[in-house]
2 protein chains.
Amino acid sequence: MKKERDLYRDFLKSKDLKMTKPRLIIMEAVFENHEHFNIDDLYEQIRKKHKNVSRATIYRTVPLLVEAGLIKQSLRCESKDIYEHTYGHENHLHFICDNCGKIIESGFSDVAILIDLLAKNENFEIKEYNLGARGLCKDCQKKRIINEK
Amino acid sequence: MKKERDLYRDFLKSKDLKMTKPRLIIMEAVFENHEHFNIDDLYEQIRKKHKNVSRATIYRTVPLLVEAGLIKQSLRCESKDIYEHTYGHENHLHFICDNCGKIIESGFSDVAILIDLLAKNENFEIKEYNLGARGLCKDCQKKRIINEK
DNA sequence: AATTTTAATGAGAATGAATCTCAAATGCAT
DNA sequence: ATGCATTTGAGATTCATTCTCATTAAAATT
């Protein structure tokens, strides 16, 4: 938590942005709990302690955290953008169950090497991987056998 | 175009859905041009020839094409869902330029093998890969050097 | 520490993609 | 051709996200 705050502070300073109370509250809330979260969740979480942080400010601040490299936009779920921590977290990919919505994470160091090669072929400079697959998790595979006919 | 239509027809029949004029028009428009398209593009394209196909019907029909396995939802761009053909197209991944928005496609057969392994570890059954990365394309890397101070 | 300057905030209005509603139209089995 | 369930078009609705703008707060200057 310490380091995130310092990085954030430095980032804001480098952009001539002010370190305000709402910006600090939001950043701390983001790193308090979740790995995956959406703006609504975050708003509810913050509201429990701070009645006067508005949705608008959260919508304005989250992109700053992205730009600072502390979080990234990872998925969409129920028509909402989902974010996740990046600082201090290994790259990973998401297996998303089409049936129950469960998100399974899995490391991908070997995969990255191959993708880096493909990128090199295209002279593309990767900033951020975005890897995943949809399908059926273990449990829902079983359910399907039972449910179908 | 012939085969797509047959597959679609069979799909509709299997679901007890009717092969209506709008459903045919929309399906043909989808396979007329694009690889990547959003609903708005599709609507405009269709409107040129058929003044009486409504947006609502397009929004209703595109998910049918997805369910039939002919297209899939691939990306989001400018807050809009983007679709792409799957039938007759190799799996590929997307490199998306953060600066100019260009989408570069690249095959990924080797990558898929690795990801299949990871999925097997989690007992996850993959229906559809979703692979990509964000960064800078060749041209925008050059521009960056020029633009940044 | 008080003042000035400038950016950031909160609250609610606005936007816009996607979904829903329902009367009218159409496909299809008979 | 007839009847009936399904689908459609048009516009209303929803809901996540963005915008507006008067007020407030941060930091720069005195």
Side-chain angles (χ1 to χ4, degrees), chain A residues 5 8-30 36-68 71-83, chain B residues 5 8-30 36-68 71-83:
Chain A
R5 191 196 309 213
Y8 189 39
R9 198 159 232 132
D10 292 348
F11 167 79
L12 292 175
K13 193 159 282 172
S14 78
K15 290 269 171 183
D16 276 315
L17 298 171
K18 297 174 181 172
M19 171 52 94
T20 64
K21 224 177 295 175
R23 280 180 181 156
L24 195 59
I25 290 169
I26 292 164
M27 178 257 158
E28 283 180 345
V30 163
H36 294 91
F37 64 94
N38 64 38
I39 301 284
D40 245 35
D41 296 340
L42 190 55
Y43 178 70
E44 291 305 331
Q45 183 195 348
I46 288 170
R47 271 283 157 149
K48 282 181 197 156
K49 295 195 175 182
H50 304 93
K51 292 294 175 210
N52 52 347
V53 173
S54 76
R55 253 202 183 74
T57 300
I58 298 178
Y59 272 104
R60 282 185 288 234
T61 301
V62 161
L64 294 178
L65 291 166
V66 171
E67 214 188 328
I71 64 175
K72 73 169 192 174
Q73 194 173 330
S74 71
L75 303 162
R76 288 204 108 225
C77 204
E78 298 168 330
S79 313
K80 290 173 200 157
D81 286 333
I82 307 250
Y83 298 86
Chain B
R5 192 196 307 216
Y8 189 38
R9 198 158 232 132
D10 293 347
F11 167 78
L12 290 175
K13 193 160 282 172
S14 77
K15 291 269 172 182
D16 277 315
L17 297 171
K18 295 173 181 173
M19 172 51 95
T20 64
K21 222 177 295 174
R23 279 179 183 157
L24 196 59
I25 289 169
I26 292 164
M27 178 254 156
E28 283 179 345
V30 164
H36 293 94
F37 65 94
N38 64 39
I39 301 286
D40 245 37
D41 296 341
L42 190 55
Y43 178 72
E44 291 307 329
Q45 182 194 350
I46 289 169
R47 272 284 158 145
K48 282 181 195 154
K49 296 195 171 178
H50 304 94
K51 293 292 175 211
N52 50 350
V53 173
S54 75
R55 255 201 180 75
T57 300
I58 297 178
Y59 272 107
R60 281 185 287 235
T61 300
V62 162
L64 294 178
L65 291 167
V66 171
E67 213 188 327
I71 64 176
K72 74 169 192 176
Q73 194 175 331
S74 71
L75 302 163
R76 293 200 104 226
C77 205
E78 297 168 331
S79 313
K80 290 172 199 157
D81 285 333
I82 307 248
Y83 298 86

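Numbered from 1 within each chain, the chains take letters A, B, ... in sequence-line order.
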How long is the straight-line distance from [atom2] of [Y] back to [atom1] of [X], given to the nearest 0.5 Å?
X	Y	atom1	atom2	value
I26(B)	L64(B)	CD1	CG	9.0 Å
I25(A)	Q45(A)	CD1	CD	12.0 Å
F37(B)	C77(B)	CZ	SG	14.0 Å
R55(A)	L42(A)	CZ	CG	10.5 Å
Y8(B)	T61(B)	OH	OG1	5.0 Å

Any side-chain N or O of [X] less than 4.0 Å from the OP1 or OP2 oxygen of [N]?
X	N	value
T20(A)	dT9(C)	yes
R23(B)	dT8(D)	yes
Y59(A)	dT18(D)	no

In whole Å, I'd like the distance from the [atom1] atom of [X] to the [atom2] atom of [N].
X	N	atom1	atom2	value
L17(A)	dT9(C)	CG	P	9 Å
R9(A)	dA26(D)	CZ	C1'	12 Å
Y43(B)	dT8(D)	OH	C1'	13 Å
I46(B)	dT8(D)	CD1	C1'	14 Å
K21(A)	dT9(C)	NZ	P	12 Å
K13(A)	dA7(C)	NZ	C1'	16 Å
R76(B)	dG16(C)	CZ	C1'	11 Å
H50(A)	dT9(C)	NE2	P	14 Å

Within the structure shown, what part of the strands sits under 4.0 Å from [X] by heavy-atom distance: base, sugar-phosphate, or nothing?
X	value
N52(B)	sugar-phosphate
N38(A)	nothing
D81(B)	sugar-phosphate

If each of S79(B) and D16(B) is mapped to the nucleotide of DNA chain D with the nearest heavy atom, which maps nearer the 5' terminus, i.e. the 5' end? D16(B)
Is it the case that [N] (base atoms only) and [X] (side chain only) share a donor and an acceptor within less than 3.5 Å, ignoring hydrogens and angles?
X	N	result
R55(A)	dG12(C)	no
R60(B)	dT6(D)	no
K18(A)	dT6(C)	yes

Closest-nucleotide mapping onto DNA chain C: is I58(A) or M19(B) further toward the 5' terminus? I mean the 5' end. I58(A)
Which residue, P22(B) or D40(B), contacts DNA chain C at a nucleotide closer to its 5' end, judged by nearest heavy atom? D40(B)
